Every structure is written in structure tokens, then in C-alpha cells.
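Okay, structure first, notes after.
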There are 2 protein chains.
Amino acid sequence: MNDTKLIDIASALGISVTTVSKALKGYTDISKATRARVIEMADKMNYMPNSVAVNLRTNETKTIGVIIPTTVHHFFSIVLNGILEEAEKRGYLVIILQSNEKYELEKKQLALLLQKRVDGILISLSNETDDFSHINEAIRKKTPVVLFDKIAKRVDCSKVIINDAKAAFDAVSYLINKGFKKIAHFRGSYIPQNSIDRFLGYKRALEAHGIEYDSKLVYVCDNNTDFEDGYENAQKLMTEHPDVDAIFAITDLVAIGAIKYFNEAGIRTPEQVAVFGFSNWFMSTVISPKLTTIDQPGYEMGHKAVSILIDEIVDTKELRPVKHQIIELPTRIIERESTVR
Amino acid sequence: MNDTKLIDIASALGISVTTVSKALKGYTDISKATRARVIEMADKMNYMPNSVAVNLRTNETKTIGVIIPTTVHHFFSIVLNGILEEAEKRGYLVIILQSNEKYELEKKQLALLLQKRVDGILISLSNETDDFSHINEAIRKKTPVVLFDKIAKRVDCSKVIINDAKAAFDAVSYLINKGFKKIAHFRGSYIPQNSIDRFLGYKRALEAHGIEYDSKLVYVCDNNTDFEDGYENAQKLMTEHPDVDAIFAITDLVAIGAIKYFNEAGIRTPEQVAVFGFSNWFMSTVISPKLTTIDQPGYEMGHKAVSILIDEIVDTKELRPVKHQIIELPTRIIERESTVR
DNA sequence: GAAAACACCTAAAACGTTTTCGAAAATTAT
DNA sequence: ATAATTTTCGAAAACGTTTTAGGTGTTTTC
């Protein structure tokens, strides 16, 4: 292994390690002449600093950790894309871990990242997570944490989110304004904040427009990776409430599952039942009818989360006070065929 | 920052750092009594080894690097899932980087990983990559590399792949045996090995069944992230060769693009034109007609790639000879509606 | 009772950097 | 010429571990 180190350059040049290090880092107390010699030799010997040693000495790893529920999810892969691009731009590497929607695993992954001494951590909470002590513990240890998408209101740190309640409110209001009267909601499971908020937005929109909320029209879809939930609940819905005329689904995936069922069952969309999704998954333009949905800016979310995190990392490092931010990214309705009669 | 270190435990107990370290690592020359005291105190003080220091001392980081063309791709997100699960099981963290299908970026990312001193690297090549010196350089530096999915035959390292040529051959043979006579191919760009191999499989299948190969029936789809390519080429195909009766597409995405066009243009699938995809993207069961395709085992690929990589890492470390392996994962035809009349 | 064996512990070096502090050499000022 | 200053360099400590090589005291062996 011909890994060249500072000392190799130093002895090749007959100077000290200190001088080599300083020359390479542009210290001003090294003459231009020797600096040039050092740089040339470093180049010739193919020098590459050992980051582990640097990390130990400088007490930073230039690495951030990311915990997401799962990689196999279109939205998260887009967020991840945003994360990676911004992290690279700012000179950080990213270690990624998935919680598989399990609280225990999330906790374990977080511990791994802390042990690895990452400079900061990005988390999107698992569906199971309703205890946040592990996160508070990380914050207490002065490792900046920013939560994104699936957050906990009660944790005191920066967050990057969309206004789920408002987006849902807008979606359902749109349906009501379009003349739909009996609107079902396919909600997510009970713990995640965005699942709760979207449900709340749905409920408030009904009430705001003088439509009575009926809990029987709410179905739970807690399987994240498959559209079966949407398919099956659509089936159930149509037997229990055949006169329903629209569905607001928590996710494009369940919306598409519902549409799939309607297509197979000969139920016309949007003529008999309109369907409104959430996320603007790009698959939603492939399905027929194309899906009306809420555009959720995943790339920007990842981008912004990293940006805030790194700002906090450098502020912490330089002992400046960190001010936590709650960034709310804008969403908008993408009207397509599934709600237009 | 109340980070407890070995020396804190040592002084709390009035013993040496050496003893603490050894006790924690289970050395046998420490008495059971002091070991117990050390463990208890470490526990009480919430000791967590500083991996950076450990890494420096042991000269390994327990981290592997992964370079993929893009995270926003269903197949790669599944592979990534397999990678993460296996890496975790074996006690490694993973740093992920994307090349955005650019050779220069891939080269840069690889350098970053080497500098970070990862123990091994997993790469799926970018579409542009036709020079492999950066990879050979990594191997020369004794950092194990394993290539997966998008590989280079000429690089001397382990690889995890499917037999693209055979899978394509099987797919096209299937179409021929079903009675389709004029089969077009929507191929990928010219550089990637799997794009080449699928094309070759297509061509050989035609020839093996006495059908003359016609280069005019081959269309290039080199946009990886959108189905527009499939859509537009389907359109072109039908004006240039209205009598074509089947398409073998390099990817489910382009297959779905084609189906989308056919659906919109009122061309019946599979009655007028059958469509055969590749990858078994789960969206292929949502589209109508459901897509016949080749199942490509992404999870297993990621899993196996990590497994081989870590084996090579420990073999290298223990100065054992490493034998490179070429693992060929099995594929199979998933017959659905788009090819069944 | 002396030699040998054993059990238990620790000092110190090492991993490859960065950075502080000071020293020597060169330059400028007087 | 000497003094003051500036320029240029390097010794050494430090980051937190792991591990080698040995040291001390106790027990076993004959």
C-alpha cells in the first residue's frame, strides 16, 4: 500500500511535517518557494490526506447522517436526491440508514450515527415513533438534528415540512367547490403527524363548507409500500357507501390503488367517483385517468433540510447561538383528469 | 459536551486507560472483578467509543461507499434497500453518492470515497463511463471494488449482474413463440453493457428463430428518468412501421411510455401491438394492460454485492488472497396482459 | 526455599493530522 | 554596527483509541 503521507513528502524534501502541512493548507508563514515545492511534490507523490486523521484532529467528520423510513419510496428517493446534491455542494458526505418504519430500529440507527460522530443528522420519523427521547438525547449531545416531512411538533429543533393540513384543506375544498358532496378520506395510520394533519385538513374543509363530518367515510391505509390498501378500501367503500362521489387519498399510491379497483370494477372515474391524491408522484400521469394531486416538493425539501442542518453545524462549531427554523415549503394543486367531469 | 472517554472511566476507577480498553474489549488478562467494575462504570458514564479514533488506530472505517447513477429510480432504490440491510447486518455503514450518469462526477465521487478511507466500494457505472482507469486505480490501492448491474467486463473485480443477453433472448423468444413476427426493440444508449447485452439478446433471438434482423426496428431510448422516450418512439414506430406487432423494451419505464401512447392513440395492446418490458417495476401491474416483463432481482443484487464486498474486505485485511467472483442472478419472465392475446 | 509459572496490570508507542508556541534567520530600522 | 522587526520554519502536544512489551506480585512446582 503506497499511501503517501505528510511525513513522506517532508522527508523527500528534507523539511518538517509541520511545514508540509502548513504549505498544503495555505498558511502564510511558509515562503512561496517552499510552498511551491511542497505542492509539486505532493502532487507527484499523489498525496491524499487521510480524512480519518483529520477528523480526529479537527473533531469533525464532514459527514451527515440521514434516517428515512425506507429507500423504496418515490418521494423519499427524490428527497434523498435533494439531500445528496446539496450535501455534495457543501462538501459533506452522507451516510444513509433506514428505519423500516420501526421505532426501535430508528433509535438504534441514531445511536450508530452518533457513535460514528457525524456532524449532524437528518430524520424523517418512522410511523411508529411517538417517543422522541432518542432525538432529544442527540440534540442534548450538541449534534444538530433537523426533522423533515415526518416530524414531531414537540421536538425542539429545525424542521422542513409542508403544511399538510392546509394542503389537505385546499384539496378537499377544491372537491367541494367542484360540486362533490359525499367525500371519503383514505387516511394514513394514526401516529405520523402528516397523516394526522391531512386528516384534520380534510375534516376542517368539510366543516368550513357546511358539510357534516362522518367518521364512517374515513378509511385507514397504513401500508406504505403497496397500493393494495387503496384497492381494498375502495372496494369496501363502494359496498358500504355506494353513493360516495369523491375520495381524498393520503397518497398517490393509495389513490392509484383505488383507481385500479374502479377501473377493474367498471366504476367510472371521475364520473361516478372522483379521486384526489397527494404527492404528485410522477406515476400519476401514467395512470388513466391521470390523477389530480398535491405537488409536494421533495427535492427542495431535501435540499433545504441539508442547508439548514449545515448552517447549524457551523454555528454550533463556532459557538454561535443556533436559532431553530420551521420551514414550510409551498404546495399546489395539480389538476388532472381524475377530478374533472 | 460531556462525551466520556476511556480516560474518564480510568480516572474514575483509579486504573489505567489500557486496562479500561482491554476490559471493554474482553481481553483475558484483566480480572473478572475489574472487568465488571469497568463495564459498570462505562455504562454509568454512558461511554461510547469514538469511532474516529478507533478508525485511525485500526486503519479501517467499517464503512462502504456506494456510487449509483441516480437515487430517483425504482430499481436502484430497491438495490439500495438490499445494500443497506446487508451492510447493517454485517456492521458496516454506507455512504451513498450519485453520478448522475456523468463520467466526470463518478470519477470525482470515487476519489472522495477513497479519501474518506472507506473499506470498500460498490459501483453501478454511469451511462457515460467507457474509461475504467479510475476504478482500476482504486483496486490498485487495495480498496476492494465490486460492480453491480451496470458493469464493465474489462475491469478485473467481482461483479453482481443478471444475464441481460439471456434474459432478453428469452423475452424475445417468448414473443416469437407466441406468434409475434415483426418485433421492434426500444433499446438503451450505446455505452452501458446491459443496454448492449439486451440488444444482443434481442438480435440473437430473432436470428435463432429464423427472423431476419432489421436495424430499422431498433429505436434508442436514452432518457432514463422519463417515459417520454417510450411514448415518442412508439409514435414514431407506428408511423414508420405500422405493421409491427410487438415491442421488446429495455425498461418497464419505456414500455409504459409506449403503452401510454397506444392507449391514447386508440391502438390496442396487445391485440395490435404487444409490449414486453424489463425489470418488473411494481408499477407494471398498475398500468392497463398489465405489463409482461422480466423480473430483475434488485434486492438480492444489493444484498449479494455487499456480501461479496465485505468478504473481500476481510480477506484483504487478513492478507488472504481474494478471488473475484462474477455472480449471475437468475431472472424470469413474468407474463401479464400486455403480451397475451 | 528457590525457580518457574501465572495472573493482573500499565507505560508508552503508534495511527496521521493540525496548531500553538517559540526559535532561527533574514530583513529593516536606527 | 546594533537593535528591532519580519519572515520562515520546526518541535511538540494533542485528538482517543489499541496493542506491544514488559513489570510486579502471587501462586505453583520440585
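Keep in mind the model is a prediction, meaning the values are calculated, not measured.
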Between [atom2] on [N] and [atom1] on [X], what's the gap in Å once rounded to a whole number?
X	N	atom1	atom2	answer
Ile7(B)	dA14(D)	CD1	P	11 Å
Leu13(B)	dC8(C)	CG	P	16 Å
Asn55(B)	dT17(D)	CG	C1'	10 Å
Arg35(A)	dG10(D)	CZ	C1'	17 Å
Asp8(A)	dC15(C)	CG	P	11 Å
Met48(B)	dG16(D)	CE	P	15 Å

Ignoring backbone atoms, establish whether [X] has a side-chain N or O less than 4.0 Å from OP1 or OP2 of [N].
X	N	result
Lys32(B)	dA7(C)	no
Thr34(B)	dC9(C)	yes
Lys22(A)	dG10(D)	no
Thr18(A)	dT19(C)	no
Ser21(B)	dT18(D)	yes
Thr19(B)	dT10(C)	yes

Pairing donors with acceptors under 3.5 angstrom, does anything connect the side chains of [X] and [Y]?
X	Y	answer
Thr70(B)	Glu101(B)	no
Lys116(B)	Thr63(A)	yes
Glu312(B)	Ser158(B)	yes
His303(B)	Glu85(B)	no

Q: Would you mind telling me which residue lines up with the more 5' stretch of DNA chain C, Leu56(A) or Asp29(B), judged by nearest nucleotide?
A: Asp29(B)
Q. Which part of the nucleic acid, if any, lies within reach of Asn50(B) when heavy atoms closer than 4.0 Å are counted: base, sugar-phosphate only, or nothing?
A. sugar-phosphate
Q: Remember a base hit wins even if backbone is also touched, and classify Ile15(A) as base, sugar-phosphate or nothing at under 4.0 Å, heavy atoms.
A: sugar-phosphate
Compare the minimum distances between each of [options] and the side chain of [X], then state the nucleotide with the smallest one.
X	options	result
Ser16(B)	dC9(C), dT17(D), dT10(C)	dT10(C)
Tyr27(B)	dT17(C), dT19(D), dT18(D)	dT19(D)
Leu6(B)	dT18(D), dG10(D), dT17(C)	dT18(D)
Arg57(B)	dT19(D), dC9(D), dG16(C)	dT19(D)

Q) So does Glu40(A) pair up with Arg37(A), basic N to acidic O under 4.0 Å? A) no
